[in-house]
Amino acid sequence: MEIYQVVVAISAFFTATALLPEYIHVCNARDPELPKCINNSINHLRPRFQSGIKDLEVPPLEPLKLNEIKLRRGPSAVALDCNITNFKVWGPSSFVITDLKVNLDKNIFVFKTIIPHLYFKGNYNLNMNILLINVRGRGPIEGNCTNYGSEVVMKGRKILINNEEHLKFDKIRLRLSIGKSKIVLGNLPGGDSILREVTDSLVNDNSDLFINEIKPTLERGLAEKFTEIANKITLRFTYKELFA
Ligand SMILES: *[C@@H]1O[C@H](CO)[C@@H](O)[C@H](O)[C@H]1NC(C)=O
Ligand SMILES: *[C@@H]1O[C@H](CO)[C@@H](O)[C@H](O)[C@H]1NC(C)=O
Ligand SMILES: *[C@@H]1O[C@H](CO)[C@@H](O)[C@H](O)[C@H]1NC(C)=O
């Protein structure tokens with residue numbers, strides 16, 4: 001190590017210990033393995049995502065509350081009218097970063113991640129026509145998604161607050177790729193009858209319809225929440241503190 005680097009390392013250490021809480025790990029902007037360092041910092045912070053970080057006013061990531069979802073399809077072989085309310089998702093904080101490209105000069109971070117498991121539930125209100133059968137009902141909806149991939153693009157810019165540079169992110173762009181998913185609508189009409197069996201299998205056979213409608217709302221919800229969390233952290237600390 002050259003003396004310069006030692007000084008930088010020591011001053012980074014003191015900056016970090018003096019001003020940053022223990023759960024924020026600093027990365028050196030000149031670190032040749034910067035993506036790895038950022039990954040480690042995020043892993044270190046991860047246990048706090050779920051319930052939020054009070055000191056920094058970072059809101060809890062779970063459960064993630066989504067806006068009402070309105071599905072409408074038809075007229076076709078399957079005409080569907082379904083509203084989902086009180087929709088909550090657990091699991092997004094378990095994401096694993098599989099690839100990260102950083103361009104610090106342009107403040108661009110491109111993440112590829114896998115979300116091993118998402119669990120969601122809400123309430124549905126359904127009116128569906130499949131072939132000649134009309135299915136109406138309301139009740140709980142729940143489902144699991146496993147191994148969803150996601151690509152996340154974070155683009156920021158440096159802004160001045162009190163004459164200090166901070167990194168502020170624009171709205172994060174997030175795309176989910178489909179993994180495996182399973183959805184169950186509880187309380188479908190028909191009781192124990194054959195009608196019930198028919199509606200069950202019709203809904204299950206068409207669960208892609210539901211997932212395809214839920215996905216954009218989920219992407220938007222996740223993108224908004226991640227933008228909020230990232231900015232709570234990067235606006236609280238100066239650029240120099242975070243990337244010593
Ligand atoms: C990030 O860290 C996780 C957990 O240690 C690891 O599984 C993953 O491979 C790492 N990703 C990269 C891009 O280094
Ligand atoms: C869904 O909500 C819309 C209004 O936002 C309403 O017109 C429609 O009847 C609702 N669908 C069901 C199945 O309740
Ligand atoms: C989702 O997963 C949970 C726990 O792994 C399980 O209890 C539940 O029955 C699953 N629901 C569906 C619809 O697969």
Side-chain angles (χ1 to χ4, degrees), residues 23 25 27-28 31-50 62-64 66-75 78-104 108-130 133-154 178-189 199-211 213-215 217-218 226:
Y23 46 83
H25 272 191
C27 288
N28 188 317
D31 185 343
E33 300 213 69
L34 184 59
K36 213 172 187 177
C37 177
I38 293 174
N39 189 27
N40 289 339
S41 299
I42 291 173
N43 287 335
H44 187 68
L45 199 55
R46 181 187 316 281
R48 294 170 192 269
F49 283 146
Q50 218 165 342
E62 298 183 26
L64 178 70
L66 298 183
N67 292 334
E68 180 172 359
I69 296 175
K70 291 185 192 293
L71 291 80
R72 265 170 208 284
R73 282 284 175 276
V78 182
L80 176 65
D81 174 6
C82 180
N83 300 328
I84 305 174
T85 52
N86 196 21
F87 198 60
K88 293 182 188 146
V89 185
W90 286 263
S93 51
S94 65
F95 66 88
V96 177
I97 297 170
T98 54
D99 186 49
L100 170 57
K101 300 215 171 3
V102 183
N103 184 332
L104 215 49
I108 296 176
F109 304 74
V110 181
F111 295 84
K112 285 204 170 74
T113 77
I114 296 278
I115 306 175
H117 186 218
L118 290 175
Y119 169 75
F120 59 80
K121 65 178 187 184
N123 301 107
Y124 75 85
N125 208 333
L126 174 75
N127 186 2
M128 191 175 186
N129 284 299
I130 306 180
I133 300 175
N134 176 255
V135 181
R136 272 172 191 274
R138 57 171 67 212
I141 178 172
E142 73 158 16
N144 289 302
C145 304
T146 43
N147 293 328
Y148 269 42
S150 80
E151 186 167 295
V152 181
V153 180
M154 300 175 70
I178 294 282
K180 266 201 183 146
S181 50
K182 177 155 176 48
I183 288 188
V184 169
L185 274 64
N187 199 33
L188 279 172
T199 55
D200 259 0
S201 62
L202 285 176
V203 168
N204 285 326
D205 290 350
N206 290 285
S207 68
D208 279 356
L209 278 181
F210 291 90
I211 282 292
E213 294 295 327
I214 289 170
K215 207 176 83 147
T217 306
L218 185 55
F226 281 129

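Note that ligands are numbered from 1 as they come in the structure, with each ligand's atoms numbered from 1 the same way. Since the structure is predicted, the reported quantities are computational estimates derived from the model, not experimental observations. Hydrogens, waters and symmetry mates play no part in the numbers below; they use all other heavy atoms, side chains included.
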Within a distance under 4.0 Å of any heavy atom of K182, pick out the atoms of ligand 3 and give their elements.
14 (O)
Output yes when the distance from some N or O of ligand 2 to some N or O of N83 is under 3.5 Å, and no in every other case.
yes
Supply the atom-to-atom distance L100 CG to N39 CG, rounded to the nearest 0.5 angstrom.
7.0 Å
Given R138, M128, R72, which has its nearest heavy atom closest to atom 6 (C) of ligand 2?
R72
Could you find the nearest protein heavy atom to atom 4 (C) of ligand 2 and give me its residue, atom name and distance?
K70 NZ, 3.8 Å
With the side chain counted from C-beta on, respond yes when F120 and L218 share a heavy-atom pair under 4.5 Å apart, and no when they do not.
no
Give me the nearest non-hydrogen protein atom to atom 11 (N) of ligand 3 as residue plus atom name, then the distance to 0.1 Å.
N144 ND2, 2.8 Å
Starting from atom 14 (O) of ligand 1, what is the nearest protein heavy atom, named by residue and atom, and what distance separates them?
N39 ND2, 3.3 Å
Region of T98 that comes within reach of ligand 1 [heavy atoms, distance under 4.0 Å]
backbone
Parallel, tilted or perpendicular: which describes the rings of F226 and F95, with under 30° parallel and over 60° perpendicular?
perpendicular
Which residue supplies the protein heavy atom nearest to atom 8 (C) of ligand 1, what is that atom called, and how far is it?
I97 O, 3.5 Å
Numbered atoms and elements of ligand 3 in range of V184, under 4.0 angstrom, heavy atoms:
13 (C)
Need the ligand 2 atom indices (1-based, order shown) with element for anything under 4.0 Å from a heavy-atom of N127.
13 (C)
Nearest 0.5 Å, please: how far is CG in N129 from CZ in R73?
15.0 Å
Closest to atom 7 (O) of ligand 1 among protein heavy atoms sits V96 CG1, 3.9 Å
Run down the list I114, N40, N43 and name the one with the heavy atom closest to atom 5 (O) of ligand 1.
N43
Considering distance alone, does some N or O of L100 sit under 3.5 Å from an N or O of ligand 1?
no
Considering heavy atoms of the protein only, find what lies nearest to atom 13 (C) of ligand 2 and give residue, atom and distance to 0.1 Å.
N125 O, 3.3 Å
Return yes if some donor-acceptor pair links the side-chain N/O of E142 with the main-chain N/O of V184 below 3.5 Å, else return no.
no
Just which atoms of ligand 3 are under 4.0 Å from any heavy atom in E142?
8 (C), 9 (O), 11 (N), 12 (C), 13 (C)
Nearest 0.5 Å please: distance from the CG atom of L34 over to the CG atom of N28.
8.0 Å
Ignoring hydrogens and geometry, is there a side-chain-to-backbone donor-acceptor pair from N187 to R138 under 3.5 Å?
yes
Keeping the roles fixed (side chain from Y23, backbone from R46), state whether a donor-acceptor pair exists under 3.5 Å.
no
Would you give the length of the straight line joining atom CG of N125 to atom NZ of K70, rounded to the nearest 0.5 angstrom?
9.5 Å
For atom 9 (O) of ligand 2, which candidate among I69, D81, L126, L80 provides the closest heavy atom?
D81
Quick one: NZ on K101 to CD1 on I108, what's the gap to the nearest 0.5 Å?
13.0 Å
